[in-house]
Number of protein chains: 2
Amino acid sequence: MKIEPLLKYINKYVSLTQEETDFLVSKVIYRKYLKGQYLAQQGDVCKYSCFVISGCTKTFYMDEEGQEHIMMFSIEDWWTSDMSSFINQTPADFNIQFLENTELIMFPYDVIEDLYLQIPKLERFFRQIIEKAFIASQKRLVRNLSMTAKDRYIYFRDQYPQIEQRIPQYMVASYLGITKEFLSKIKSQLLTED
Amino acid sequence: MKIEPLLKYINKYVSLTQEETDFLVSKVIYRKYLKGQYLAQQGDVCKYSCFVISGCTKTFYMDEEGQEHIMMFSIEDWWTSDMSSFINQTPADFNIQFLENTELIMFPYDVIEDLYLQIPKLERFFRQIIEKAFIASQKRLVRNLSMTAKDRYIYFRDQYPQIEQRIPQYMVASYLGITKEFLSKIKSQLLTED
DNA sequence: AAATTATGTTAACTTAGTTTAACATTTTAA
DNA sequence: TTAAAATGTTAAACTAAGTTAACATAATTT
């Protein structure tokens, strides 16, 4: 059970005692998934909030016309979950699929309250994590409202080079909110420009 | 000092004792602002996270071309703040301006830690508030990625009729990420359709 | 090594949304 | 109560982005 990356990550926010760490470790689940498998599916209740040890996921919404809209990618040291579904235990809006073989630490819904009670520091920790996620979401929203597709691509490429290298281009296009053909055009424009 | 609406709101999430309530009340600030004034400005550090007692604010980003992009409106019983600036005490990305004379309960940055220490329940409370805000932000993002401007307008109109009635139409357009002329066209289309 | 399957490119055409500008209406201030 | 300022409408010309479809290349599988 590779849990070191999670403990290291938590330690950046709060300091756990040995007992607290042991309790935490006893409550979470280490698991591997294969490329293509699903962690969560639109309509189902999302039972886990997960920390990625290795690998990669995409979180996407499938609209009525069957079009995929990618909300986010998660790689090492990031979280993946359908927050709305997980927190309210309601049917998920999103699908989460593995883009690579992936190792996760899974936090089951029914141990979360227990963790908060036994380790109040984790309440603080998760508050801070969610604050960060909210801020990132707001900033992405403003980029989508104020920037052209070309500038959004340039921003993505500069900000997440590790992600761009690992995933097919048509998924980047979906994340940016444009078609794969249009992203292809943008990239060829950028090549001839410089 | 009208603080009842805030206490009622908090009580939906956690139960405070009389001492805790008194401590909280002693730490926050009640204040009125006039229409047109600013609570926060792009570039300044946001010193307060605020709960709206009455009135209305808009939170917007001003881009390099001087165009306003409205991120959110806040009315009674909602929060307003530049989260990123407030939490990290870094220069704000957003402006927050009052659209009406507005009454607020202000949480100063330098009392927040104190509040968490003295009233651990508030850590839980704010975690839950931010979870809700994050979920709403994610859902708005997916609407912006997957719906046409017309459908986004219909959704807004149906979801926030109280807001649409209080603010000028060109601000609704900005919130939806379209021009006021295009929103005007959409509305006249909707009138002739039904 | 050949054959699929998945991914990426290009170009012609269409559509959603923007720009500009002129005018109409409503609200606010003098 | 009239003028000025703020807000809303319309339409023509334009642009960013989507659609379709044919083809090219890379990655897997047999």
Side-chain angles (χ1 to χ4, degrees), chain A residues 34-37 56 58 60-70 73 97-101 141 143-157 163-193, chain B residues 34-37 56 58 60 62-70 73 97-101 141-157 163-193:
Chain A
L34 296 176
K35 178 175 176 170
Q37 287 188 291
C56 182
K58 69 171 173 186
F60 64 101
Y61 170 73
M62 182 81 76
D63 70 21
E64 293 76 33
E65 283 93 48
Q67 272 217 274
E68 241 184 70
H69 302 277
I70 296 181
F73 301 106
Q97 190 179 20
F98 299 99
L99 299 179
E100 302 173 0
N101 295 343
L141 195 52
R143 288 196 300 277
N144 282 352
L145 289 175
S146 67
M147 292 165 75
T148 62
K150 189 185 201 166
D151 289 340
R152 291 198 310 274
Y153 169 63
I154 293 170
Y155 180 89
F156 174 80
R157 188 191 60 178
I163 295 183
E164 195 186 7
Q165 285 157 19
R166 287 162 84 156
I167 60 177
Q169 188 171 307
Y170 70 88
M171 292 191 190
V172 175
S174 172
Y175 175 86
L176 295 173
I178 59 178
T179 59
K180 57 190 165 56
E181 292 85 355
F182 191 51
L183 178 53
S184 187
K185 188 190 258 179
I186 286 170
K187 289 184 79 167
S188 79
Q189 269 177 33
L190 286 171
L191 282 175
T192 54
E193 263 174 28
Chain B
L34 296 176
K35 178 175 173 169
Q37 288 188 291
C56 181
K58 68 171 175 186
F60 65 100
M62 181 81 75
D63 70 20
E64 293 76 33
E65 283 93 48
Q67 272 218 274
E68 242 183 69
H69 302 277
I70 296 181
F73 302 105
Q97 190 180 19
F98 298 100
L99 299 179
E100 302 173 1
N101 296 343
L141 194 52
V142 87
R143 287 197 301 276
N144 282 351
L145 288 175
S146 67
M147 291 163 77
T148 64
K150 188 184 202 166
D151 289 340
R152 292 199 308 274
Y153 169 64
I154 292 169
Y155 180 89
F156 175 80
R157 190 191 59 176
I163 296 183
E164 193 186 9
Q165 284 157 19
R166 289 162 82 156
I167 60 178
Q169 188 171 308
Y170 70 88
M171 290 190 194
V172 175
S174 172
Y175 175 86
L176 295 172
I178 59 178
T179 59
K180 56 190 165 57
E181 292 84 356
F182 191 51
L183 178 53
S184 187
K185 187 190 260 179
I186 286 170
K187 290 185 79 169
S188 78
Q189 269 179 33
L190 286 172
L191 283 175
T192 53
E193 263 174 28

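A note on names: the letters A, B, ... follow the listed sequences, proteins ahead of strands, and every chain is numbered from 1. What's counted below: heavy atoms across the whole structure, side chains too, no hydrogens, waters or symmetry copies.
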Write down the distance between CD1 (A/I186) and P (C/dT9), rounded to a whole number of angstrom.
-> 12 Å
Atom CG of A/L145 and atom P of C/dG17: how far apart are they, to the nearest Å?
-> 13 Å
Walk me through it: do A/E68 and A/Y170 pass the test side chain to side chain contact (heavy atoms under 4.5 Å, CB included)?
-> CA-CA 11 Å; A/E68 241 184 70; A/Y170 70 88; 5.8 Å; no
Where each residue is assigned the nucleotide of DNA chain C containing its nearest heavy atom, which of B/Q67 and B/K35 is assigned the position nearer the 5′ end?
-> B/Q67
Might you work through the side chain to side chain donor-acceptor pair (under 3.5 Å) test for B/Y153 and B/E164, ending with a clear yes or no?
-> CA-CA 10 Å; B/Y153 169 64; B/E164 193 186 9; 2.7 Å; yes
Within this structure, what is the CG-to-P distance between A/D63 and D/dG18, rounded to whole angstrom?
-> 13 Å
May I ask you to say what A/Y170 touches in the nucleic acid, namely base, sugar-phosphate or nothing, with a heavy-atom cut-off under 4.0 Å?
-> sugar-phosphate
Regarding the side chain of B/S184, the nearest nucleotide among D/dT19, D/dT10, C/dT10 is D/dT10
Separation of atom CD in B/E181 from atom P in D/dA13, rounded to whole Å | 17 Å
Taking the side chain of B/A149 as its heavy atoms from C-beta onward, which of C/dT7, D/dT10, C/dG17 lies nearest to it?
-> C/dG17
What integer distance in Å separates A/K180:NZ from D/dT25:C1'?
-> 14 Å
Nearest-Å distance, NZ (A/K187) to P (C/dT9)?
-> 6 Å
Heavy-atom closest pair (A/R152 atom, A/L176 atom, distance to 0.1 Å) is NH2-O, 2.8 Å
Does a nitrogen or oxygen in the side chain of A/Q169 sit under 4.0 Å from OP1 or OP2 of C/dA6?
-> no
Separation of B/I178 atom CD1 from D/dT9 atom P, in whole Å?
-> 12 Å
C/dA16 P sits how many Å from A/F182 CZ, rounded?
-> 16 Å
Contact summary for A/S146 and B/D63, nearest pair of heavy atoms = O-OD2, 4.4 Å
